[in-house]
Amino acid sequence: MAVRGVWQLKKLIVSYSDWGGSSRGIRAFMESQMPAFKEANPQLEVVTELIRGQHPHLKAYYKNKNERVVCVRNMTPEDVLLHATRLRNSIGRKVVKLKTRHPTKHPTVQGTWTTAMEL
C-alpha cells in the first residue's frame with residue numbers, strides 16, 4: 001500500500017526448496033506468475049532464496065523496519081500470488097488489539113447502556 005504516494009514494501013524474499021514437495025506450488029508460481037508480478041511492481045525488490053529441508057515462505061521487509069513472514073506450504077500458485085499481493089498492499093504496521101469496542105477520549109461515568117437495564 002502506498003502512504004502519500006510511497007510504497008511501504010521494500011523487499012520481498014521468496015524462500016523455497018528445490019526438492020521438497022511442500023514447495024511445489026511456490027516453484028510453479030516462480031515459473032509462471034512471478035515474472036509478471038515483478039514487471040507489475042518495479043518499485044519492489046523481489047529476491048529468491050533456496051533453502052533446503054524447510055517449508056517455503058514469503059518474507060516482506062517494510063520501510064518502517066517491520067517484517068512479516070507468511071508460510072506458503074502446500075499452496076497453489078494462485079494462493080501464493082494472493083499472499084504476495086496482500087503483503088505488497090499492507091502497510092507493515094503491527095496489529096493492535098483494541099481494549100474496548102468503541103474507544104473514546106471521555107468514557108462515560110454512568111456505565112454502558114445495555115438492553116437488560118431497568119429504568
Side-chain angles (χ1 to χ4, degrees):
M1 182 176 216
V3 175
R4 295 187 183 102
V6 178
W7 286 95
Q8 296 300 303
L9 182 62
K10 289 192 308 186
K11 186 176 187 179
L12 182 69
I13 298 178
V14 180
S15 300
Y16 69 101
S17 172
D18 60 346
W19 179 77
S22 63
S23 296
R24 187 178 308 124
I26 200 162
R27 287 193 302 261
F29 164 76
M30 288 172 40
E31 291 174 2
S32 61
Q33 297 174 352
M34 195 162 94
F37 183 76
K38 277 185 177 182
E39 287 179 16
N41 301 295
Q43 79 283 358
L44 181 60
E45 179 185 355
V46 181
V47 179
T48 60
E49 178 182 50
L50 178 65
I51 50 166
R52 289 187 176 173
Q54 292 183 8
H55 291 299
H57 60 271
L58 300 173
K59 189 180 285 190
Y61 291 98
Y62 294 92
K63 291 205 184 229
N64 59 1
K65 297 182 177 62
N66 282 343
E67 68 178 60
R68 285 190 181 172
V69 179
V70 177
C71 182
V72 289
R73 170 180 68 203
N74 295 327
M75 290 189 183
T76 63
E78 291 79 21
D79 291 339
V80 175
L81 179 64
L82 178 71
H83 282 288
T85 307
R86 283 185 180 163
L87 287 172
R88 183 205 60 191
N89 291 342
S90 67
I91 296 176
R93 292 186 190 144
K94 299 290 182 185
V95 177
V96 178
K97 184 177 178 185
L98 298 176
K99 294 180 180 157
T100 61
R101 282 187 281 182
H102 49 279
T104 61
K105 290 184 180 178
H106 307 289
T108 178
V109 179
Q110 300 170 351
T112 56
W113 183 85
T114 63
T115 56
M117 291 188 69
E118 297 178 12
L119 297 176

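These values consider heavy atoms only, across backbone and side chains, with no hydrogens, waters or symmetry-generated copies. From a predicted model like this one, the values you see are computed outputs, not experimental measurements.
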Indicate if Trp7 and Val14 have the same hydrophobic cluster label, given that clusters are the connected sets of ILVMFWY residues with side-chain heavy-atom separations under 4.5 angstrom. no
Student check: side-chain heavy atoms of Leu58 and Ile26 closer than 4.5 Å: yes
So SG of Cys71 and NE2 of His83: to nearest 0.5 Å the spacing works out to 9.0 Å
Check whether any side-chain heavy atom of Leu12 lies under 4.5 Å from a side-chain heavy atom of Arg88, and answer yes or no. no
Please examine the side chains of Arg68 and Ser90, heavy atoms only from C-beta on, and report whether any two atoms are closer than 4.5 Å. yes
Note: Gln33 and Pro77 closest approach over all heavy atoms is OE1-O, 3.1 Å
Any side-chain heavy-atom pair of His57 and Ile51 under 4.5 Å: yes
Transitive ILVMFWY side-chain link Val70 to Phe37, under 4.5 Å: yes
Linking I/L/V/M/F/W/Y whenever their side-chain heavy atoms sit closer than 4.5 Å, directly or via other members, would Ile13 and Met34 fall into one cluster? no
Quick one: are Tyr62 and Ile91 in side-chain contact, heavy atoms under 4.5 Å? no
Roughly how far, to the nearest 0.5 Å, is the CG atom of Leu9 from the OG1 atom of Thr85? 11.0 Å
Nearest atoms (heavy-atom pairs only) where Asn64 meets Arg93: ND2-N, 4.1 Å
Going by heavy atoms in the side chains, are Tyr16 and Leu50 under 4.5 Å from each other? yes
Please tell me if the side chains of Lys11 and Lys59 come closer than 4.5 Å, counting only heavy atoms from C-beta onward. no
With distance as the sole test, does Glu45 use its side chain to make a donor-acceptor pair with the main-chain N or O of Gln43 at under 3.5 Å? no
Minimum-distance pair of heavy atoms, taken over all atoms of Gly92 and Asn66: O-ND2, 2.7 Å
In this structure, OG of Ser23 is separated from CZ of Arg73 (nearest 0.5 Å) by 11.0 Å
Counting neighbours of CZ on Arg27 that are heavy atoms of other residues, nucleotides or ligands and sit closer than 6.0 Å, is the number greater than 12? yes
